[in-house]
Amino acid sequence: MDPGEGVRHVLSTRSGHRHGDRPERRAGGHQPGERRSPSRRVDCRHGVRRPHTHRVHHRGDDPAPRRRDPYRHPARRRPDRPRRPCRSRGGTARGAHEPGGGTVTTRLRIAPSPTGLLHIGNARSALFNWLYARHTGGVFIVRIDDTDTARSRPEYEQDALDGFRWLGLDWDEGVGVGGPHGTYRQSDRLDRYRQVAESLLADRKAYWCFCTPEELEERRNQARQEGRPSGYDGRCRTIPSESAAERKAAGEPAVLRLAVPRPGETTFTDVVRGEMRFDHANVDDFVILRSDGSPTYHLASTVDDVDYEITHVARGEDLLSSTPKHILITRAMGAPVPTYAHLPLLFGPDGRKLSKRHGDVSVRAYRDAGILPEAMFNYLALLGWSYGEDVTVFTREEAIARFDLSDVSKNPAVFDPAKLEWMNGVYIRDLSADDFADRSVPFVERAIGRTLTDDEKRVFADVAPLIQERVKNLVEVAPMVTFLFTDEIEYDEKSWRKVLGHETAPGVLAAAIERLEQVDSWDHDTIEAALRGMLDDLEIGARRGLQPIRVAVTGSSVSPPLFESLEALGKERTLRRLRDVAGRLGS
RNA sequence: GGCCCCGUCGUCCAGCGGCCUAGGACGCCGGCCUUUCAAGCCGGUAACGCCGGUUCGAAUCCGGUCGGGGCUACCA
């Protein structure tokens with residue numbers, strides 16, 4: 001049973017809650033009828049800020065001076081644009097329009113590699129791409145980067161798609177939904193990559209390399225020792241193409257490498273990092289086709305970006321130093337270079353790139369742990385971006401309205417599960433009682449190992465509001481209500497010892513049984529009145545007088561409020577448990 | 001080793017030369033409330049890495065330094 005499946009349908013039902021700014025809460029909290037616009041609670045002065053100076057694009061000596069400016073995408077050139085009443089900031093990242101007035105649709109993509117469960121870092125990248133696409137009214141595409149045939153698995157592809165859907169990131173083109181570019185799966189496009197590679201070879205922009213791995217490693221070590229760049233040294237570049245072709249035809253193993261122009265450099269403007277400049281002395285002639293004829297990531301990914309007319313590439317900063325390679329391929333194909341935005345990496349608590357060794361780093365794990373998709377969405381949006389001063393909790397729509405790639409932070413962000421949990425609690429408490437109950441049932445059923453009967457579901461729905469304000473995630477629900485759905489109570493050893501072990505416990509239990517037997521109308525008010533009367537008679541405090549009942553009935557000193565719990569349990573079962581425990585204490 | 005990126009509370013963000021005795025959120029600590037646990041409310045803790053420079057004035061600009069991270073594969 002997969003609890004995650006049970007909660008998915010509610011994704012689209014949440015249209016607008018709002019909270020997070022305390023003044024409003026104090027002033028009366030939510031006002032359901034009123035849809036507050038983000039601009040009303042966030043200061044508008046940001047809108048008049050000048051653009052970052054480092055965003056200014058000045059054309060360096062790009063290695064392709066003949067063409068006037070064929071590589072920059074029109075979508076990013078807009079120097080000024082109609083101002084919205086309130087925008088977060090200036091910046092050049094947005095731009096669904098070109099100066100002439102024509103409209104260029106932004107096209108962004110996420111390209112998960114199905115070699116493992118969807119990683120939180122990838123989910124965050126997907127989220128940012130999605131936000132920007134939605135903000136600009138553009139197109140969001142999901143493609144599958146499965147050129148690593150050895151590690152790619154269909155179930156991981158499914159997991160990624162499930163994860164995106166769960167987060168509410170819908171896509172307009174791509175795997176599952178189709179579009180004008182085939183299957184959007186790289187393993188289906190091998191011919192296309194080979195074709196590009198061949199034309200690169202024909203244009204002398206790529207060449208065969210016959211160096212063996214051993215030779216490469218030796219020379220790499222050598223270069224490293226001498227303090228030179230350790231990339232490929234270009235040895236095979238001088239092999240005459242005819243003889244290279246002959247050797248290749250004769251069956252000699254070879255990889256195809258891109259002939260990086262030398263000397264030269266590649267410059268580009270990164271939306272989050274500003275002006276970037278890479279001397280080709282540090283960009284080696286990298287492999288684009290493996291010896292088995294398959295494309296490398298650099299080739300396949302870039303060809304896809306070109307073919308799918310991607311206008312903005314927002315991805316992790318770990319790809320920043322590969323960007324010149326991608327630009328080089330793009331230019332070699334004669335295509336316009338997209339706008340790049342390199343997002344800060346997500347770190348684990350140890351300050352290193354978030355990875356499996358940090359524990360749960362898959363979206364799936366958090367989903368199974370009872371994290372709400374809207375909470376994950378909100379939390380992820382905060383990693384490297386902020387809605388605005390003093391606002392932490394916001395809706396999807398509010399995020400879309402405000403998001404801009406140029407506002408993304410440059411600093412790596414530590415993923416903090418504690419804050420996610422807090423935020424999840426906020427969203428849980430904001431759910432309607434029914435919604436909360438519906439989403440929780442699968443988790444309860446998973447915990448007790450069976451489905452709930454309709455009667456039990458009704459009982460659960462009655463107590464659910466009491467649980468709702470006490471949990472930070474949905475897996476915490478089950479332990480608080482299992483006492484309702486089983487008569488084989490497992491008593492918490494510590495609770496038993498501390499509470500029932502106290503000398504006053506037997507007397508309290510006996511008195512409680514006596515009182516409760518008299519209760520005809522089994523509702524929490526009447527129960528409370530009866531037990532309060534008992535407290536008075538015994539001249540005992542609530543702590544000493546009520547806790548024994550709680551432990552006896554629920555098995556733990558931690559439970560939902562007592563009187564409501566007894567009501568939900570029913571008179572018979574309550575008394576049975578009290579008598580049972582009283583008997584055990586007596587013997 | 002080489003190249004590149006980054007440096008504000010423990011953590012995530014705000015800050016765009018004077019509004020900063022640096023703001024918010026999580027966490028943590030204390031208090032209130034209270035039938036347990038939560039929630040809620042109130043209060044507190046805690047940061048501009050360092051050194052120079054520019055400037056009347058720098059967290060904000062520049063340089064250096066130190067520190068952290070990424071890349072450096074026929075992985076993506």
Side-chain angles (χ1 to χ4, degrees), chain A residues 20-22 25-26 46 49-50 52-53 89-90 111-113 115 145-148 150-152 209 213 216-217 220 223-231 253 255-256 270 273 276-279 281-284 286-292 294 296-298 300-301 316-322 342 344-345 347 349 351-353 379 382-393 409-416 418-423 425 429 466-472 476 480 495 499 528 531-532 535 541-543 545-547 549-551 554 556-563:
Chain A
D21 35 2
R22 287 204 280 174
R25 285 220 128 171
R26 250 176 294 174
H46 304 314
R49 280 191 212 127
R50 53 166 173 59
H52 294 195
T53 47
R89 257 178 242 188
S113 184
T115 54
D145 272 21
D146 59 352
T147 51
D148 184 353
R151 294 191 299 150
S152 292
C209 166
L216 291 174
E217 186 174 350
R220 188 180 308 131
R224 214 177 161 134
Q225 266 183 6
E226 293 170 12
R228 291 183 285 118
S230 55
V255 298
L256 194 66
D270 189 280
R273 270 146 234 282
M276 293 285 100
R277 179 177 300 267
F278 289 85
D279 190 317
N282 297 305
V283 181
D284 70 344
F286 57 100
V287 175
I288 57 176
L289 234 43
R290 305 189 187 103
S291 51
D292 66 358
S294 65
T296 60
Y297 163 78
H298 297 306
S301 171
E317 198 213 284
D318 50 347
L319 261 1
L320 184 58
S321 23
S322 302
H342 285 93
L345 257 20
F347 281 179
R352 285 171 183 278
K353 195 160 77 159
Y379 179 69
L382 254 17
L383 259 21
W385 181 72
S386 86
Y387 182 85
E389 213 162 338
D390 300 358
V391 177
T392 310
V393 182
S409 153
K410 297 191 243 244
N411 314 340
V414 174
F415 180 78
D416 179 11
K419 189 162 182 175
L420 206 211
E421 290 257 284
W422 163 78
M423 182 163 285
R429 275 171 255 127
L466 303 173
I467 313 298
Q468 187 171 359
E469 56 190 24
R470 293 179 155 68
V471 294
K472 302 188 301 296
E476 288 178 349
M480 307 193 90
S495 297
V499 177
E528 174 165 7
L531 292 178
R532 295 250 179 236
L535 256 28
R543 178 179 299 267
L546 262 25
Q547 279 298 80
I549 303 173
R550 184 191 307 281
V551 174
T554 70
S556 166
S557 57
V558 176
S559 85
L562 183 62
F563 311 123

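A, B, ... follow the sequence lines: proteins, then strands. Residue 1 opens every chain.
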**Asked** Mind checking whether A/Asp318 and A/His342 have side chains closer than 4.5 Å, heavy atoms only?
**Response** no
**Request:** Would you give the length of the straight line joining atom OG1 of A/Thr296 to atom CG of A/Asp148, rounded to the nearest 0.5 angstrom?
**Result:** 11.5 Å
**Close side-chain approach of A/Cys209 and A/Leu256, heavy atoms under 4.5 Å** = no
**Asked** How far does OG of A/Ser559 sit from CD1 of A/Ile467, to the nearest 0.5 angstrom?
**Response** 8.5 Å
**Message:** Heavy atoms only, 4.0 Å cut-off, all strands: where does A/Pro560 land among base, sugar-phosphate and nothing?
**Reply:** base
**Message:** One thing to verify: whether A/Lys410 and A/Glu317 come together as a salt bridge, which I'm taking to mean a side-chain N less than 4.0 angstrom from a carboxylate O.
**Reply:** no
**Flag side-chain contact, heavy atom, 4.5 Å: A/Tyr379 against A/Thr392** = no
**Request:** Rounded to whole angstrom, note down the P distance from B/C9 over to B/C13.
**Result:** 11 Å
**Asked** Given atom CG of A/Leu420 and atom P of B/U11, what is their separation to the nearest angstrom?
**Response** 18 Å
**Message:** Just the rounded figure in Å: distance from P of B/U35 to CE of A/Met480.
**Reply:** 17 Å
**Prompt:** Across the strands shown, which category fits A/Gly541 at heavy-atom distances under 4.0 angstrom: base, sugar-phosphate, nothing?
**Reply:** nothing
**Item:** Side-chain touch A/Pro561/A/Glu528, heavy atoms, less than 4.5 angstrom
**Value:** no
**Asked** So, is A/Thr147 close to the B/A76 phosphate, meaning a side-chain N or O under 4.0 Å from OP1 or OP2?
**Response** yes
**Message:** For nucleotides 44-50 of chain B, give me one character per nucleotide, 5' to 3': B if any protein heavy atom sits under 4.0 Å from the base, S if the only such contacts are to the sugar-phosphate, - if neither.
**Reply:** -------
**Request:** Verify the contact: side-chain N or O of A/Lys353 to OP1 or OP2 of B/C71, cut-off strictly under 4.0 Å; return yes or no.
**Result:** yes
**Request:** Output the single nucleotide from B/A76, B/G70, B/U35 whose closest atom is nearest the side chain of A/Leu562.
**Result:** B/U35
**Item:** Nearest non-hydrogen partners of A/Leu535 and A/Gly545, listed with the distance
**Value:** CD1-CA, 3.8 Å
**Prompt:** Are any of A/Arg543's side-chain N or O atoms less than 4.0 Å away from OP1 or OP2 of B/U34?
**Reply:** no
**Request:** Find the distance A/Leu383:CG to B/C12:P and express it as a whole number of Å.
**Result:** 8 Å
**Message:** Side chain of A/Arg470 only, heavy atoms from C-beta on: which candidate in B/A76, B/C12, B/C37 is closest?
**Reply:** B/C37
**Pairing partner (Watson-Crick or G-U wobble, both distances under 3.5 angstrom) of B/U36** = none
**Request:** Working to the nearest 0.5 Å, report the span between CZ of A/Arg429 and CD of A/Gln468.
**Result:** 9.5 Å
**Strand partner of B/C61, provided both Watson-Crick or wobble distances fall under 3.5 Å** = B/G53
**Request:** Rounded to whole angstrom, note down the C1' distance from B/U60 over to B/U54.
**Result:** 13 Å
**Prompt:** Would a 4.5 Å heavy-atom cut-off, applied to side chains only, mark A/Arg273 and A/Pro344 as touching?
**Reply:** yes
**Asked** About how many Å separate CG of A/Leu562 and CG of A/Leu466, when rounded to the nearest 0.5 Å?
**Response** 11.5 Å
**Message:** With a 3.5 Å limit on both atom pairs, tell me what B/C12 is paired to, counting Watson-Crick and G-U wobble, or say none.
**Reply:** B/G24
**Message:** Any base atoms under 4.0 Å from A/Leu535, or only sugar-phosphate, or nothing? Heavy atoms, all strands.
**Reply:** nothing
**Request:** Quick one: pull up CZ in A/Phe286 and OG in A/Ser322 and give me the separation to the nearest 0.5 Å.
**Result:** 9.0 Å
**Item:** Inter-residue atom distance A/Asp146.CG - A/Ser113.OG, 0.5 Å rounding
**Value:** 7.5 Å
**Request:** Kindly say if A/Arg550 contacts the phosphate of B/C37, meaning a side-chain N or O under 4.0 Å from OP1 or OP2.
**Result:** no
**Prompt:** Taking for each residue the nucleotide of RNA chain B with the nearest heavy atom, is it A/Val287 or A/Leu382 whose nucleotide lies nearer the 5' end?
**Reply:** A/Leu382
**Prompt:** From the list B/A76, B/C26, B/U35, which nucleotide is the closest neighbour of the side chain of A/Asp145?
**Reply:** B/A76
**Pairwise C1' distance for B/C19 and B/U34, with rounding to whole Å** = 43 Å
**N/O (side chain, A/Arg429) to phosphate O (OP1/OP2, B/G40) under 4.0 Å** = yes
**Item:** Rounded interatomic separation in angstrom, taking CD from A/Gln468 and C1' from B/G40
**Value:** 15 Å
**Message:** One character per nucleotide, please: for nucleotides 2-10 of chain B, 5' to 3', B when the base has a protein heavy atom closer than 4.0 Å, S when only the sugar-phosphate does, - otherwise.
**Reply:** SSSSSSS--
**Asked** So, is A/Arg352 near the phosphate of B/G69, with a side-chain N or O under 4.0 Å from OP1 or OP2?
**Response** yes
**Prompt:** Does B/C71 pair with anything, Watson-Crick or G-U wobble, both distances under 3.5 Å, and if so, with which nucleotide?
**Reply:** B/G2
**Prompt:** Side-chain contact, heavy-atom cut-off 4.5 Å: A/Arg352 with A/Phe347?
**Reply:** no
**Asked** Should B/G30 form a Watson-Crick or G-U wobble pair with both distances under 3.5 Å, which nucleotide is its partner?
**Response** B/C42
**Request:** Look at all strands and tell whether A/Val255 reaches a base, only sugar-phosphate, or nothing, counting heavy atoms closer than 4.0 Å.
**Result:** base
**Request:** Round to a whole Å and report the spacing from CG of A/Leu546 to P of B/C37.
**Result:** 13 Å
**Message:** In whole Å, I'd like the distance from the CG atom of A/Asp318 to the P atom of B/G70.
**Reply:** 9 Å
**Item:** Nearest-angstrom distance, C1' atom, B/A46 to B/C61
**Value:** 28 Å
**Request:** Report which part of the nucleic acid A/Arg151 touches: base, sugar-phosphate, or nothing (heavy-atom distance under 4.0 Å, all strands).
**Result:** base
**Asked** Looking at side-chain heavy atoms only, is the closest gap between A/Thr554 and A/Met480 below 4.5 Å?
**Response** no
**Message:** Tell me the interatomic distance from A/Trp385, atom CH2, to B/A25, atom P, rounded to whole angstroms.
**Reply:** 18 Å
**Request:** Using a heavy-atom cut-off of under 4.0 Å over every strand shown, decide if A/His298 touches base, sugar-phosphate, or nothing.
**Result:** base
**Request:** Have a look at A/Ser557 and say if it touches a base, only the backbone sugar-phosphate, or nothing, with a 4.0 Å heavy-atom cut-off.
**Result:** base
**Prompt:** Considering only side-chain heavy atoms of A/Ser386, which listed nucleotide, B/A14, B/C12, B/U35, is closest?
**Reply:** B/A14
Scan nucleotides 30-33 of chain B against the protein and return all N/O pairs shorter than 3.5 Å with their distances rounded to 0.1 Å.
none

**Message:** Please pick, from B/U35, B/C74, B/A38, the nucleotide with the shortest atom-to-atom distance to any side-chain atom of A/Ser291.
**Reply:** B/C74
**Request:** Report the distance from atom CG of A/Leu216 to atom P of B/A73, rounded to the nearest whole Å.
**Result:** 9 Å
**Request:** Answer with yes or no whether A/Lys472 presents, from its side chain, a donor or acceptor under 3.5 Å of a partner atom in the base of B/A38.
**Result:** no
**Request:** Could you tell me whether A/Phe563 contacts a base, only the sugar-phosphate backbone, or nothing, with contacts defined as non-hydrogen atoms closer than 4.0 Å?
**Result:** base
**Asked** Can you tell me the Watson-Crick or wobble partner of B/G7, both distances under 3.5 angstrom?
**Response** B/C66
**Prompt:** If you check the A/Tyr297 side chain, which of B/U36, B/A76, B/C12 turns out closest?
**Reply:** B/A76
**Message:** Would you measure the distance from the C1' atom in B/U55 across to the matching atom in B/C62 and give it in whole Å?
**Reply:** 12 Å
**Request:** Side chain of A/Asp390 only, please: which of B/G24, B/G69, B/C37 is the nearest?
**Result:** B/G24
**Prompt:** Strictly by modelled atom types, are A/Ser230 and A/Arg224 linked by a side-chain donor-acceptor pair under 3.5 Å?
**Reply:** no
